[in-house]
Student: 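What follows is a structure written as structure tokens; I'll ask about it next.
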2 protein chains.
Amino acid sequence: MTVPDQRLEQMIAAMQRAGRRLTPQRLAVLRLLAQGPGHPSVEQLHAAVAAQFPSTSLATTYKTLAMLKELGQVLELAFADGGCRYDGRRPYPHPHVICTRCGAIEDPEYSSMERLYQEMTEKSGFAISHHRLDFFGLCPRCRGEG
Amino acid sequence: MTVPDQRLEQMIAAMQRAGRRLTPQRLAVLRLLAQGPGHPSVEQLHAAVAAQFPSTSLATTYKTLAMLKELGQVLELAFADGGCRYDGRRPYPHPHVICTRCGAIEDPEYSSMERLYQEMTEKSGFAISHHRLDFFGLCPRCRGEG
DNA sequence: ATCATTGCAAATACTTTGCAGCGTT
DNA sequence: AACGCTGCAAAGTATTTGCAATGAT
């Protein structure tokens with residue numbers, strides 16, 4: 001069983017636990033999030049789902065994402081321009097690197113999260129529970145293109 | 001001259017450099033950003049400006065903030081719920097700690113930014129230029145209230 | 001006096017919601 | 001069979017824009 005399939009199983013299990021129904025439209029969204037490329041937008045997801053089920057509405061895509069968010073099965077990355085991207089593979093907070101030219105989003109490994117939480121906790125006195133870390137710049141490909 | 005006054009002077013100087021006019025409405029916005037409390041929302045800024053110039057429109061507040069953003073004189077913090085908060089004191093990227101109960105935003109000192117950039121650069125290969133670091137949790141006051 | 005800025009209102013873009021009918025469980 | 005889900009369209013919400021009048025330089 002591949003890793004993406006594990007994610008799909010996890011998502012389905014979470015839905016069953018919560019008593020949510022697994023419709024074909026929803027299954028298509030789950031598959032895309034678990035197995036599809038990187039960090040899709042709502043429109044991209046909707047277009048891909050509509051390719052399989054042409055009648056699928058944008059509203060249903062939004063509703064499915066809202067449900068998955070509620071179940072903690074997808075990480076929503078809202079950006080300043082109003083757009084959102086979704087990460088179904090790693091639905092927990094983690095750092096992102098975002099290309100300011102082509103929009104690519106990557107998930108680099110990061111080893112010092114504990115240290116970071118510790119420093120923020122010490123300096124602020126907050127009980128920190130989660131985070132959002134975004135780094136912006138040019139990806140290797142776009143760097144090369146001057 | 002106090003530190004907030006320095007910020008006000010910097011903002012005004014940046015506007016003059018760019019050939020922008022300093023209207024009473026704009027001055028009121030600048031003052032609030034440079035001297036007022038923490039991280040106001042557009043509505044809060046508009047309400048405060050309207051207290052001095054009742055006819056001031058929300059559109060003008062938006063336009064003024066857009067101009068300041070363009071001049072690099074204010075940091076816009078867009079959140080997932082669609083709301084924005086503005087930081088006129090420290091208009092450059094820096095970490096924030098946000099209380100998930102009362103919405104308070106603080107700017108803790110942070111010492112390891114270079115290290116962080118270095119690790120992200122190494123792991124991703126990106127040429128990183130700026131960032132957005134948000135930590136969420138309960139502030140000391142809200143922790144106490146159970 | 002010039003022309004950027006203002007304020008109103010309409011437009012935009014995105015997301016949410018109400019509801020009748022459908023289809024999974 | 002029950003009732004959660006879908007799809008349509010309408011309603012929100014937050015921000016932007018067009019334009020005539022205003023006012024800072």
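So you know, we letter chains A, B, ... as the sequences are listed, proteins then strands, and number each from 1.
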Student: Got a list of protein N/O to nucleotides 14-16 of chain D N/O distances below 3.5 Å?
Tutor:
residue : atom : partner : partner atom : Å
D/dT15  : OP1  : B/G82   : O            : 3.4
D/dT15  : OP2  : B/Y62   : OH           : 2.2
D/dT15  : O5'  : B/Y62   : OH           : 3.2

Student: Taking atom C1' of C/dT5 as reference, at what distance in whole Å does atom CG of B/L71 sit?
Tutor: 15 Å

Student: Mind checking whether A/H131 and A/Y117 have ring centres under 6.0 Å apart?
Tutor: yes

Student: Charged N to carboxylate O under 4.0 angstrom, A/E76 versus A/R132?
Tutor: no

Student: How many whole angstroms separate atom NZ of A/K63 from atom C1' of D/dG7?
Tutor: 7 Å

Student: How close do B/R89 and B/D87 get, heavy atom to heavy atom, and via which atoms?
Tutor: N-OD1, 3.0 Å

Student: Under the ring pair (Phe, Tyr, Trp, His ring centres under 6.0 Å) rule, what pairs show up with a residue in residues 23-47 of chain B, not counting sequence neighbours?
Tutor: B/H39-B/H96

Student: Please give, in whole Å, the distance from C/dA4 P to B/E70 CD?
Tutor: 14 Å

Student: Take atom CG of A/L65 and atom P of C/dT17, then tell me their distance rounded to the nearest Å.
Tutor: 15 Å

Student: Would one find a side-chain N or O of B/S57 under 4.0 angstrom from OP1 or OP2 of C/dT6?
Tutor: no

Student: Take atom CD1 of B/I12 and atom P of D/dT25, then tell me their distance rounded to the nearest Å.
Tutor: 10 Å

Student: I'd like to know if the side chain of A/T61 pairs up with that of A/T64 as donor and acceptor (distance under 3.5 Å, no hydrogens or angles considered).
Tutor: no

Student: Is A/E119 paired with A/K123 through a side-chain N to carboxylate O contact shorter than 4.0 Å?
Tutor: yes

Student: Does any residue of residues 15-32 of chain B have a heavy atom under 4.0 Å from DNA chain C, and if so, which ones, in number order?
Tutor: B/R20, B/R21, B/T23, B/Q25, B/R26

Student: To the nearest 0.5 Å, what is the distance between CZ on A/F136 and CD1 on A/I98?
Tutor: 4.0 Å

Student: Compute both the distance and the angle, then confirm whether B/R115 meets the cation-pi test with A/Y110: under 6.0 Å from the six-membered ring centre, within 45 degrees of the axis.
Tutor: no

Student: When you measure from the side-chain N and O atoms of B/S55 to the phosphate of C/dG7, is any distance below 4.0 Å, counting only OP1 and OP2?
Tutor: yes

